[in-house]
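Written out below as structure tokens is the structure these notes cover.
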Amino acid sequence: IFSSDNGGLNHKKKNSTLYDSSGLLRGSKGQIYDGGHRVPLIMRWDGVFPSNETRSNLVGLNDLFTTLVDFAGLEVPWGQAMDSESFADHILDEDKRKGLREYLGAWTYSYGAGKLHYEAIRKNNFKLLRNYEMDRPFQLYDLDEDITESNNLAKNETYQALIEEMALQLQRIGPCYDGEVDSM
């Protein structure tokens, strides 16, 4: 398994001659934009995983736990990995999509204060961000059309139902899911 955590480093701040490992993606390590948390995931298991194939689905690194437990033929211990979804079947067969995430959330906190600063949720190619420190807190991006997250679609009436759906799902999944959903 090859992966990383929390996106690429931002060397621009330090006037470094090093490359910007986030490339075109907005943001850097630890930030809510894709440059802050989109990372590669490469898995190989000779004789088990299909070779020379790729998958493109929403997966969090926390999903590795349940996926590896499935491959080991074990059960996830009660009360553990509650936010982990197995994608084991999909690794073996691209057409097996049952149990794959429809939504994937991310959260960032203010350093030192422990206060929620940003949260985001992905659904297919759309990403909704919420900034708790802005008057107009929502931002919506179509990552298929706007990988740099520079064209905020949140003001466009066409997307209001999608924003409401994604905001409700974001509230449901975290960051500390307790089974209760407050009104927005």
Side-chain angles (χ1 to χ4, degrees), residues 1-43 54-68 81-85 87 90 100-156 159 162-177 184:
I1 299 172
F2 171 82
S3 191
S4 180
D5 72 327
N6 295 319
L9 295 175
N10 184 354
H11 295 292
K12 291 182 206 177
K13 289 182 184 176
K14 301 173 186 172
N15 295 323
S16 172
T17 58
L18 298 174
Y19 62 91
D20 180 5
S21 58
S22 295
L24 294 174
L25 300 177
R26 182 176 178 181
S28 59
K29 193 169 199 67
Q31 294 180 343
I32 200 68
Y33 297 99
D34 268 20
H37 60 264
R38 182 186 283 204
V39 297
L41 175 60
I42 301 169
M43 300 177 74
T54 61
R55 308 283 186 268
S56 182
N57 296 296
L58 298 176
V59 174
L61 288 179
N62 52 314
D63 295 333
L64 283 174
F65 183 87
T66 303
T67 301
L68 295 175
M82 295 169 58
D83 63 346
S84 183
E85 300 288 339
F87 57 99
H90 189 63
L100 292 178
R101 287 185 178 276
E102 183 178 3
Y103 301 97
L104 180 63
W107 299 266
T108 61
Y109 291 83
S110 299
Y111 292 107
K115 180 181 172 188
L116 185 62
H117 181 64
Y118 279 106
E119 57 184 352
I121 189 167
R122 281 281 308 268
K123 179 184 181 185
N124 301 318
N125 54 306
F126 287 99
K127 180 176 178 184
L128 181 71
L129 284 81
R130 184 174 192 176
N131 181 340
Y132 284 92
E133 297 175 3
M134 292 180 64
D135 291 336
R136 302 197 73 167
F138 289 110
Q139 300 169 44
L140 179 71
Y141 299 102
D142 179 346
L143 298 178
D144 283 351
E145 301 296 324
D146 180 22
I147 194 70
T148 61
E149 295 175 275
S150 57
N151 182 25
N152 183 2
L153 303 172
K155 295 177 187 175
N156 185 328
Y159 298 102
L162 178 64
I163 291 170
E164 290 174 17
E165 171 197 341
M166 292 176 73
L168 182 60
Q169 289 300 323
L170 183 59
Q171 192 172 14
R172 282 189 173 140
I173 65 172
C176 297
Y177 177 73
M184 291 189 337

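No hydrogens, no waters, no symmetry mates; every other heavy atom, side chains included, goes into these values.
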Can you tell me if [X] uses its side chain to pair, donor with acceptor, with the backbone of [Y] under 3.5 Å?
{"X": "Gln171", "Y": "Leu168", "result": "no"}
{"X": "Arg55", "Y": "His90", "result": "yes"}
{"X": "Ser3", "Y": "Pro40", "result": "yes"}
{"X": "Arg26", "Y": "Glu149", "result": "yes"}

Query raised in the report: Does the side chain to side chain contact (heavy atoms under 4.5 Å, CB included) test come out yes or no for Leu100 and Phe87, once each step is laid out?
Result: CA-CA 6 Å; Leu100 292 178; Phe87 57 99; 3.8 Å; yes
Roughly how far apart are [X] [atom1] and [Y] [atom2], rounded to 0.5 Å?
{"X": "Leu68", "Y": "Asp63", "atom1": "CG", "atom2": "CG", "result": "10.5 Å"}
{"X": "Glu145", "Y": "Asn125", "atom1": "CD", "atom2": "CG", "result": "8.0 Å"}
{"X": "Arg130", "Y": "Leu140", "atom1": "CZ", "atom2": "CG", "result": "14.5 Å"}
{"X": "Thr108", "Y": "Glu119", "atom1": "OG1", "atom2": "CD", "result": "9.0 Å"}
{"X": "Glu164", "Y": "Phe138", "atom1": "CD", "atom2": "CZ", "result": "9.0 Å"}
{"X": "Thr148", "Y": "Leu143", "atom1": "OG1", "atom2": "CG", "result": "9.5 Å"}

Taking the side chain as every heavy atom from C-beta outward, state whether [X] and [Y] have any atom pair closer than 4.5 Å.
{"X": "Met43", "Y": "Leu64", "result": "yes"}
{"X": "Ile1", "Y": "Leu41", "result": "yes"}
{"X": "Ile147", "Y": "Arg38", "result": "yes"}
{"X": "Thr66", "Y": "Glu85", "result": "no"}

* Would you indicate whether Ile42, at its atom CD1, is surrounded by more than 12 heavy atoms from other residues, nucleotides or ligands within a distance under 6.0 Å? =>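 More than 12 heavy atoms, drawn from other residues, nucleotides or ligands, come within 6.0 Å of this atom.
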By side chain to side chain contact (heavy atoms under 4.5 Å, CB included), which residues pair with Ile121, not counting sequence neighbours?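 By the side chain to side chain contact (heavy atoms under 4.5 Å, CB included) rule, Ile121 matches Tyr103, Leu128, Met166, Gln169, Leu170, Ile173.
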*Which atom of Ile32 lies closest to which atom of Ala120, heavy atoms considered*: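 Heavy atoms of Ile32 and Ala120 come nearest at CG1-CB, 3.7 Å.
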Phe126 and Tyr159 aromatic ring geometry - parallel, tilted or perpendicular at 30°/60° bounds
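Tilted, since the angle between the ring planes falls between 30° and 60°.
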Could you pull out all residues at least two apart from Tyr118 that satisfy ring pair (Phe, Tyr, Trp, His ring centres under 6.0 Å)?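 For Tyr118, no residue satisfies ring pair (Phe, Tyr, Trp, His ring centres under 6.0 Å) once neighbours in sequence are set aside.
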